[in-house]
Protein chains: 2
Amino acid sequence: MKSQPRTHKGQATQAKLLHTALECFAAQGYRASSMRVIAARAGVSLSHAYYYFQSKEDIVAQLLLNLRTEQLQKCVAHLDEGNTLESNIRVVYDAALEVMEPYHDFGPTFLKVLLSREAANEEIAHIELSLWEKAVAGSRPLPPLGIRRDLPRFLWLLSNQVFTAWAYDNSKDHRRSKLLMKNTAPVVAKFAVLCRLPVVRSLFEDVLSLLDSGKDIHDEPASGDHKSAAARAS
Amino acid sequence: MKSQPRTHKGQATQAKLLHTALECFAAQGYRASSMRVIAARAGVSLSHAYYYFQSKEDIVAQLLLNLRTEQLQKCVAHLDEGNTLESNIRVVYDAALEVMEPYHDFGPTFLKVLLSREAANEEIAHIELSLWEKAVAGSRPLPPLGIRRDLPRFLWLLSNQVFTAWAYDNSKDHRRSKLLMKNTAPVVAKFAVLCRLPVVRSLFEDVLSLLDSGKDIHDEPASGDHKSAAARAS
DNA sequence: TCAAGTTTTTGAACGCGTTCAAATAATGGG
DNA sequence: CCCATTATTTGAACGCGTTCAAAAACTTGA
């Protein structure tokens, strides 16, 4: 998404473009929704689409953001009913499936958007994380105190793996990745409970600190200002 | 890769094409090595390249296969010296880095090749798995008997995650993913030792059976011949 | 109102991966 | 040897994502 348009008409055009694109995406799928088609259906020249969106991937990122928002709305109510963690995990996955199923052929592009993290994707990441936060906070019994704070991050990273499997799953009706989601929930719930044991808990922490590897590495440390610090304290 | 060429000259042309492509890949990187450039440098028309290779991705798959082979050769000797599992894991990762560093911009395409598993990729998967088998079998002390058989598969799947991180790592010199590799080794080694405990061991088995989810799902079960069976017996 | 500046919109082009029908070369049986 | 068949090779094209210089429309200050 390019920097905000200056005028009202500009904003309207951008909105129409985005709206048309999402319509095409839903109706024709990824391949058939070329930039030319989108621009034409929005009554706009091809190159003008690039005035408002840096790339096609950019529009797909918007789609993904919308889908995540929809997913959040769909399941936020169910996450607060005092169900088990296992049940909550399934709620999140089921909502994801429900919302994203029509867009399965966007999978690889979604993945690209998620993996090459940039400014625009932060919003998506924030929604995903808050989903798992609610899943944890609303579960009864609550997971062990020691992991309660970090469990959402763990579930989030795990869900990215599951999402990867879904994106490239070409089995009929994506049965393979659906089964993966179904089986993931109880295993994770069991794991959470076992984290009461110090041995298991220390493994959990090892894995988490692994995932934070290089979090504090700044690419261009030209200025002498060092601010890395210890991100994950006690 | 299309079905084998029928004549000797055909094989020679295919070989030259592949050879030229790999040269271009090494010298100019992914983007600059267009099919047109490769074909031209091989002294062959553009469309002819498609007679021998179904797609550009197909050639990249060959590159990945070569790199994995090179990686295997590079570290197979070190894996048999009776070092610790941790040390062996690092040997495998270090060899991967050494071999693949010049091809970092192929990362996303490599990933696509690996994730959309098809016939051609089985060979790559086989090499990767055998790498981890050697890493486990050659380590002293040997990991607990109960996980010794399945640990290689676990390490393999884990390495795919690490590989994903590397592929999309745009920190300077890929420091982030390098750090991830370095930190992964001791954590996994510790995990392997802890698998002596029944609790941890049962978690290990849960995770593994998760990864096998849907292994026995056949896409086109038109014929009545059911052969799924139990893949992972005691 | 007019001119200067900025924002919006366009048409034409580039190079890419890929496809295809048709031309050429090699092969093998009568 | 010649012809039918098969294998190899080509040129031309398609649609794609993306870029760019320049036109058009709009805004604003004098």
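Chain naming here is simple, since letters A, B, ... match the order of the sequence lines and numbering starts at 1 in each.
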Using a cut-off of 4.0 Å on non-hydrogen atoms, how would the nucleic acid contact of S45(B) be classed: base, sugar-phosphate, or nothing?
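Result for S45(B) = base.
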
When all nucleic acid strands are considered with a 4.0 Å heavy-atom cut-off, which category describes R36(B): base, sugar-phosphate, or nothing?
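Base, at least one base atom sits under 4.0 Å.
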
Phosphate-side-chain proximity, [X] and [N], N/O vs OP1/OP2 below 4.0 Å:
{"X": "S55(A)", "N": "dG17(D)", "result": "no"}
{"X": "Y51(B)", "N": "dT9(D)", "result": "no"}
{"X": "Y52(B)", "N": "dT9(D)", "result": "yes"}

Would you mind reading off the distance between [X] atom [atom1] and [N] atom [atom2], rounded to a whole angstrom?
{"X": "Y50(A)", "N": "dA13(C)", "atom1": "OH", "atom2": "P", "answer": "18 Å"}
{"X": "R31(B)", "N": "dG17(C)", "atom1": "CZ", "atom2": "P", "answer": "10 Å"}
{"X": "Q11(A)", "N": "dC26(D)", "atom1": "CD", "atom2": "P", "answer": "17 Å"}
{"X": "I38(A)", "N": "dC16(D)", "atom1": "CD1", "atom2": "P", "answer": "11 Å"}
{"X": "K16(A)", "N": "dT8(C)", "atom1": "NZ", "atom2": "P", "answer": "17 Å"}

Taking the six-membered ring for Trp, are Y52(B) and H48(B) parallel (under 30°), tilted (30 to 60°) or perpendicular (over 60°)?
perpendicular

Whichever of G43(B) and L46(B) has its nearest DNA chain D nucleotide further upstream toward 5'
G43(B)

Identify, between M35(A) and H48(A), the residue whose nearest nucleotide on DNA chain D lies closer to the 5' end.
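Residue closer to the 5' terminus by nearest nucleotide: M35(A).
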
Could you grab the distance from atom CZ of F25(A) to atom NZ of K56(A), nearest 0.5 Å is fine?
5.5 Å

Rounded to the nearest 0.5 Å, what's the gap from CG on L65(A) to CG on L63(A)? Could you check?
9.5 Å

For K56(B) and for S47(B), find the nucleotide of DNA chain C with the closest heavy atom, then tell me which residue's nucleotide is more 5'.
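Counting from the 5' end, the first nearest nucleotide belongs to K56(B).
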
Between Y93(B) and W132(B), ring centroids under 6.0 Å:
yes

